[in-house]
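Here's the structure, in structure tokens; my notes come after.
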Amino acid sequence: MVHPACIGLQTRQNGRMSNGAETGSWSYTARTDIGRVREGNEDSLAAEPGLWIVADGLGGHSGGEIASATAVATARRVVADAVPDADPVEVLGDLFARAHAAVRQEGLGTFGMSGMGTTLVVALAGPDGTIQVGSIGDSRAYLLRDGRLRQLVRDDNYAEELLAAGVITATEARVHPGQYMLTRALIADQREPGTPQVARVDGPGRLLLCSDGLNSELEDEEIARLLGLPSLDEAADALVAAALEAGGRDNVTVVIVDL
Ligand code: MN
């Protein structure tokens, strides 16, 4: 039983789903929450055995919702259609290209929607059980291992570019207005899809995919502490509750997987 909010097929406000342990070799859970300020939830997610996705729609009104739901639905279809022993890195490349093409078609085909777009972060299990994470945009993937939290892919935003160029420090990047200026996303009226950043995860740990409604409200130390709570459901509930408590200024989505 998959909650509709989790496959992005219809408009939704808040949703929760948990635990596919009976259908795969991973335990996972997911939540999405509209937050305390926004009028709609433009985030979409998917959580199924071997495939976990968060997308954060851009463009306001229904555009963002359509863009993120389109990207998630397309990503699921690409993975479902892939041959069983396909190279997961190649599948990810195809997935991002086709998700962008679908968002582009949807946006250019709808009056007033050509500016719609979405972030997309995907974790995909390969045939050997390793996980490949791909991302375009500023939705995040974190790995918690031995009590230490590591961000697996960089944010595609202007503050991150300034940081990489040595113009600002990591501390400055955290409060820099450039963190809200995306440098890359799957945008309908952009011709080039862009290449996703890809990171490989081997071995055990707890994986978190989230929209920026989580990490813009909470410091990494707080995310690490709550993500480390004993059960996946406790961790998911605590992370969303803490983001809401801190202001809930954006939609909040978390997908958590025990590897
Ligand atoms: Mn957001």
Side-chain angles (χ1 to χ4, degrees), residues 5-6 8 11-16 30-47 52-72 75 96 99-100 103 107 113 115-123 133-142 151-160 173-188 190 194 196-197 208-220 222-223 226-227 236 239-256:
C6 303
T11 303
R12 64 265 169 264
Q13 302 284 298
N14 298 321
R16 50 182 288 161
R31 304 283 187 279
T32 187
D33 195 289
I34 191 171
R36 297 171 63 178
V37 175
R38 298 292 173 92
E39 289 177 358
N41 190 341
E42 297 188 297
D43 290 355
S44 294
L45 69 92
W52 303 281
I53 308 174
V54 170
D56 180 347
L58 319 159
H61 304 294
S62 57
E65 285 186 22
I66 295 168
S68 67
T70 299
V72 169
F96 276 85
H100 177 252
V103 169
M113 294 288 187
M116 72 158 68
T118 186
T119 72
L120 185 62
V121 61
V122 179
V133 174
S135 177
I136 290 183
D138 67 350
S139 296
R140 287 188 174 176
Y142 289 101
Q151 192 180 331
L152 296 171
V153 284
R154 293 185 316 278
D155 297 342
D156 287 320
N157 66 34
Y158 186 56
E160 199 68 28
R174 170 127 199 114
V175 293
H176 195 279
Q179 68 184 300
Y180 303 107
M181 298 162 63
L182 279 185
T183 48
R184 299 196 317 149
L186 306 180
I187 309 283
Q190 286 179 2
Q197 297 180 56
L208 167 68
L209 306 183
C210 65
S211 61
D212 66 341
L214 184 82
N215 56 267
S216 62
E217 298 289 5
L218 303 179
E219 301 284 345
D220 280 1
E222 183 74 347
I223 291 174
L226 299 174
L227 184 59
L239 285 165
V240 172
L244 296 180
E245 179 70 22
R249 280 157 282 206
D250 195 1
N251 312 139
V252 188
T253 300
V254 299
V255 175
I256 308 177

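We count ligands from 1, going down the list as the structure has it; atoms in each ligand are counted the same way. Predicted, not measured: the structure shown is a model, and the values here were computed from it. By convention here, the first residue in the shown sequence is residue 1. Scope of the values below: all heavy atoms of this structure, side chains included, with no hydrogens, waters or symmetry mates.
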Within the 4.5 Å heavy-atom criterion, are D212 and T119 side-chain neighbours or not? no
> Are any N, O or S atoms from E42 nearer to the Mn ion (ligand 1) than 2.8 Å?
Replying inline: no
Review point. With a 4.5 Å limit on heavy-atom distance, are the side chains of E217 and R249 in contact?
Key: yes
To the Mn ion (ligand 1), the closest N, O or S atom belonging to D56 is OD2
Taking the Mn ion (ligand 1) as the apex, OD1 on D212 and OD2 on D250 give an angle, to 10°, of 90°
Item to complete: Taking the side chain as every heavy atom from C-beta outward, state whether V121 and R140 have any pair of such atoms under 4.5 Å apart.
Response: no
Interatomic distance, CD1@I223 vs CG@L214, rounded to 0.5 Å, equals 4.5 Å
